[in-house]
Each structure stands twice: as structure tokens, then as C-alpha cells.
Asks: 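Please read through the structure below; I'll follow up with questions.
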There are 2 protein chains.
Amino acid sequence: MTKKLELLIQLSKVNSIISRRLISHGLSFSDFIILHLINSSREKKLKRVELAELMGLTASGVTRMILPLEKLHILEKMDDATDARAKYAKLTKAGEELYKDANTWINLKIEDLLPDVKKNEINKILNIFYSIKNE
Amino acid sequence: MTKKLELLIQLSKVNSIISRRLISHGLSFSDFIILHLINSSREKKLKRVELAELMGLTASGVTRMILPLEKLHILEKMDDATDARAKYAKLTKAGEELYKDANTWINLKIEDLLPDVKKNEINKILNIFYSIKNE
DNA sequence: TTATAATAATTGACATGTCAAGTATTATAA
DNA sequence: TTATAATACTTGACATGTCAATTATTATAA
């Protein structure tokens, strides 16, 4: 078997494990990623297409992920001033609080999952990941 | 933001991209992984719990993944001689052919996705992945 | 301009899982 | 033995996506 295939199989396994273990404050790990990406963006708001690109999902998937977060008033819609097609998602006040709490908890949990990984190892892996383009 | 969180977010993204791009011969990448793990096992058969452990899924998820593959006669059930609870999944003749073809195609595609990754880099990443235990 | 193409988002139908509970069987401790 | 716990698997109800088609709007080329 090729090493690269083994790598992708283990990556899939790790992703499943991570997704099941990093659930907190009523948020799936994917939910948390959405909050995190919005909070980290320059203007604290992101369009569906931007989230889709950042997460490697389809725009459709993002629409479906965002919907329940809006219902729970964790995210809110915002129109784009110059493009009537686009809709931004941004954190509500409650969303910001929730994100802060979840972020603290998740980072502790991650330290637990990956205790001995060196920063330069992480950077090497990230460079490989960044090289994988979405089509 | 912590580097480790960034790593897990990118891992999730890469997993999504991989899952959408490595579809072949009517098999999802997860389907292919099942076939691959069975084919790579010593006795060319695996129980649901074994597959679940190897893939980082729940036994329930494995049951649901295997069902359509059995319907298509790609996999077949086998009873365990010494434990009436257990059911093995093994490749049918058609399943073996399908696996061979998909394996060739997928390895080419992977070479495309990860052209410049060195073997020793892969081994380092694998060691990190192997250290992440499923509870 | 104005027709044509491209982009942003959503929707219906479905795939691929999870979790909690249930069934059947096997292992263990009294 | 035999009651109790543990294991292997499945199922109902639901979450989290995909793909293909559709609507609305914006960009581009003639």
C-alpha cells in the first residue's frame, strides 16, 4: 500500500474522532469552526461563499449549517451594501459570549489531544494541507 | 489563535476536499476505505467493531455504510464460527475487481493531490495521527 | 445598451453518519 | 450453575452534509 493513501485514511479517521470529541456548549466542531472563522475575519463577518471556501464545503452545506445557528440567535444575517445577492453571517452578542467560552474549552481539550506536537512540525503539516486546493 | 486549533481546522477542511474528490467507480472515499481495510486485513474479512475502530466511526455507522455495499454484492456477510453475535464483512469476487480498479485510480489521483510530500514527512504526520486515541 | 454568462444563495431529494435504546449472545464472578 | 455485566450488532430519530436545479442579481462582451 502507498504511504500517501495510508495518510489520507488516517486523516479521515482522525477527523471522525476529532469531530466527535470536540463538541462543546451545544456546538458541533463544525459549528465552532464557523464561529471561529467569522470571529477571526477582518470585519467579523463572512459570506456563505467565503465560509464555503475556507471550510472546504459547498455553499449549500454552509447555508444548511448556518440556518440553525441563526434560529438560536448565535449568528445573524447582514446584507451587503453593494451586492444584493450576498448575505453575511456575523456573531450576535450572545454568539460572541458563546464563542469565547467554547474557544477556551476547546483549546484545553486540544492540548489534551495533541500534547507533544512541536510548532515546527505543525507548520510543516499546515504547508502540506495548504497545498491541497479545492478543485 | 493557537496553532493546534488551526491544524485541526485545516484538517477538517482537507478531509472535506478529499472526500469530495476521491470518489470513483461508484464508491465514496469511505466506501473505498472499507474495501481497502478488508483487503489489507490478514484474513480478508473484518467485523463491524473492527472496522469501526480502524475508521474512527461508531459501530452503528459501519452497519449503515456496509448495508448498501452488500445490496450491490460488493461485500458479503460471513458468520463467525465461534461467536454468533459477530458478523464479518468480506469482498465478493466482484468486490475484489472493483477494489482493484478503484485502488489504481485513487492512487493516481492521490499522487496528483500530494505530489511533493516526502516519505519521512508522511511518517512524522502518521505518528502524530496514531497518537490520537478514540476515547 | 443589451443579451449572455457568471456569481451568491437557496431548495428538494438523498447520502452518510451520530446517539440512545434494544436484541441476542458471550464472558465473568458469586 | 446462574445472575450480572459486557460485547456485537441493529434500529429509530435526527444531524450534517452533497448534488443538481432554481432564483435573483451582477459582470462582461457585442
Side-chain angles (χ1 to χ4, degrees), chain A residues 12-24 26-35 45-72 74-90 134-135, chain B residues 12-24 26-35 45-72 74-90 134-135:
Chain A
S12 162
K13 175 180 177 179
V14 166
N15 188 250
S16 299
I17 295 176
I18 296 293
S19 300
R20 260 183 295 100
R21 296 190 55 181
L22 293 188
I23 293 174
S24 72
L27 298 174
S28 71
F29 187 49
S30 288
D31 291 333
F32 174 78
I33 291 177
I34 290 180
L35 270 51
K45 62 179 184 182
L46 289 173
K47 298 180 202 174
R48 274 78 169 139
V49 277
E50 293 171 331
L51 275 169
E53 164 58 28
L54 289 168
M55 302 179 74
L57 300 180
T58 60
S60 167
V62 170
T63 294
R64 296 212 138 96
M65 302 263 340
I66 285 180
L67 200 64
L69 296 173
E70 284 174 342
K71 286 227 170 102
L72 292 169
I74 292 166
L75 293 181
E76 57 186 345
K77 281 197 221 307
M78 250 192 75
D79 288 339
D80 186 311
T82 67
D83 187 343
R85 292 168 305 179
K87 283 178 204 161
Y88 286 97
K90 71 183 300 267
N134 196 350
E135 219 75 11
Chain B
S12 163
K13 174 179 176 179
V14 166
N15 188 249
S16 300
I17 294 175
I18 295 293
S19 299
R20 258 183 297 97
R21 295 191 54 181
L22 293 187
I23 294 174
S24 72
L27 299 173
S28 71
F29 187 50
S30 289
D31 291 333
F32 174 78
I33 291 177
I34 290 180
L35 270 51
K45 60 179 185 179
L46 289 173
K47 297 180 200 174
R48 272 77 170 142
V49 277
E50 293 171 330
L51 274 169
E53 164 58 29
L54 289 169
M55 301 180 73
L57 301 181
T58 62
S60 168
V62 171
T63 294
R64 294 213 139 97
M65 302 263 339
I66 284 180
L67 199 65
L69 296 173
E70 285 174 342
K71 286 228 170 98
L72 292 169
I74 293 166
L75 293 181
E76 58 187 343
K77 279 195 222 307
M78 251 192 72
D79 288 339
D80 185 310
T82 66
D83 187 342
R85 294 168 305 180
K87 283 179 203 161
Y88 286 97
K90 72 184 301 267
N134 196 349
E135 219 74 12

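Reminder, nothing fancy here: chain letters follow the sequence lines and each chain counts from 1. Computed over heavy atoms, backbone and side chain alike; hydrogens, waters and symmetry mates excluded.
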Asks: For DNA chain C, determine which residues of residues 82-89 of chain A have any heavy atom closer than 4.0 angstrom to one of its atoms, and list them numerically.
Replies: A:R85, A:A86, A:K87

Asks: Specify the separation, in whole Å, of atom NZ of A:K77 and atom C1' of C:dA9.
Replies: 10 Å

Asks: Which sits closer to the 5' end of DNA chain C, A:T63 or A:R20, going by the nucleotide each is nearest to?
Replies: A:T63

Asks: In whole Å, I'd like the distance from the CZ atom of A:R21 to the P atom of C:dC19.
Replies: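 Atom CZ in A:R21 sits about 12 Å away from atom P in C:dC19.
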
Asks: Nearest heavy-atom pair of A:K45 and A:E50: which atoms, and what distance?
Replies: O-OE1, 4.4 Å

Asks: Expressed in angstrom and rounded to an integer, what is the separation of A:D79 atom CG from C:dA9 atom C1'?
Replies: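 Rounded to whole Å, this separation is 12 Å.
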
Asks: With a 4.0 Å cut-off on heavy atoms, is A:S19 in touch with a base, just the backbone sugar-phosphate, or nothing at all?
Replies: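 A:S19: no heavy atom of the nucleic acid under 4.0 Å.
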
Asks: Do A:I18 and A:F29 have side-chain heavy atoms sitting under 4.5 Å apart?
Replies: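 The answer is yes; the side chains approach within 4.5 Å.
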
Asks: How would you label the contact of A:R48 with the nucleic acid (heavy atoms, under 4.0 Å): base, sugar-phosphate, or nothing?
Replies: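 Since only primed, P, OP1 and OP2 atoms lie under 4.0 Å of A:R48, the category is sugar-phosphate.
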
Asks: Report the secondary structure of DNA chain D in dot-bracket form, marking unpaired bases with a dot and bases paired to a different strand with |, and treating Watson-Crick or G-U pairs with both distances under 3.5 Å as paired.
Replies: ||||||||||||||||||||||||||||||

Asks: Would you name the heavy atoms of B:S30 and B:M55 that are closest together and state the gap between them?
Replies: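 Shortest heavy-atom separation between B:S30 and B:M55 comes out as O-CE, 3.8 Å.
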
Asks: I need the B:M78 CE to B:K90 NZ distance, nearest 0.5 Å.
Replies: 6.5 Å

Asks: Is the shortest side-chain heavy-atom distance between A:L75 and A:I34 below 4.5 Å?
Replies: yes

Asks: With a 4.5 Å heavy-atom cut-off, do A:T58 and B:R20 have their side chains touching?
Replies: yes

Asks: Does anyone know the first and last nucleotide of DNA chain D in reach of chain B, 5' to 3', at under 4.0 angstrom to a heavy atom?
Replies: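 Terminal contacting nucleotides, 5' to 3': D:dA6 to D:dC19.
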
Asks: In whole angstrom, give the distance that lies between atom CG of A:L51 and atom C1' of C:dA9.
Replies: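 After rounding, the reported distance stands at 13 Å.
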
Asks: Sub-3.5 Å donor-acceptor pair from the side chain of B:N15 to the main-chain atoms of B:S12, do we have one?
Replies: no

Asks: Do A:I66 and A:L51 have side chains that get closer than 4.5 Å, going by heavy atoms?
Replies: yes

Asks: Quick one: on DNA chain C, does A:I23 or B:P68 contact a more 5' nucleotide (nearest heavy atom)?
Replies: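 On the 5' side of the pair lies B:P68.
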
Asks: Pick the closest DNA chain D nucleotide for B:V62 and for A:D31 by heavy atoms, then say which residue is nearer the 5' end.
Replies: B:V62

Asks: Could you grab the distance from atom CG of B:L35 to atom CG of B:L69, nearest 0.5 Å is fine?
Replies: 6.5 Å

Asks: Within the 4.0 Å heavy-atom criterion, would you say B:S16 contacts the bases, only the backbone, or no part of the nucleic acid?
Replies: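 No contact.
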
Asks: Roughly how far, to the nearest 0.5 Å, is the CG atom of B:L27 from the CD1 atom of B:I33?
Replies: 11.5 Å

Asks: How long is the gap from CD on A:E53 to CG on A:N134, to the nearest 0.5 Å?
Replies: 6.0 Å

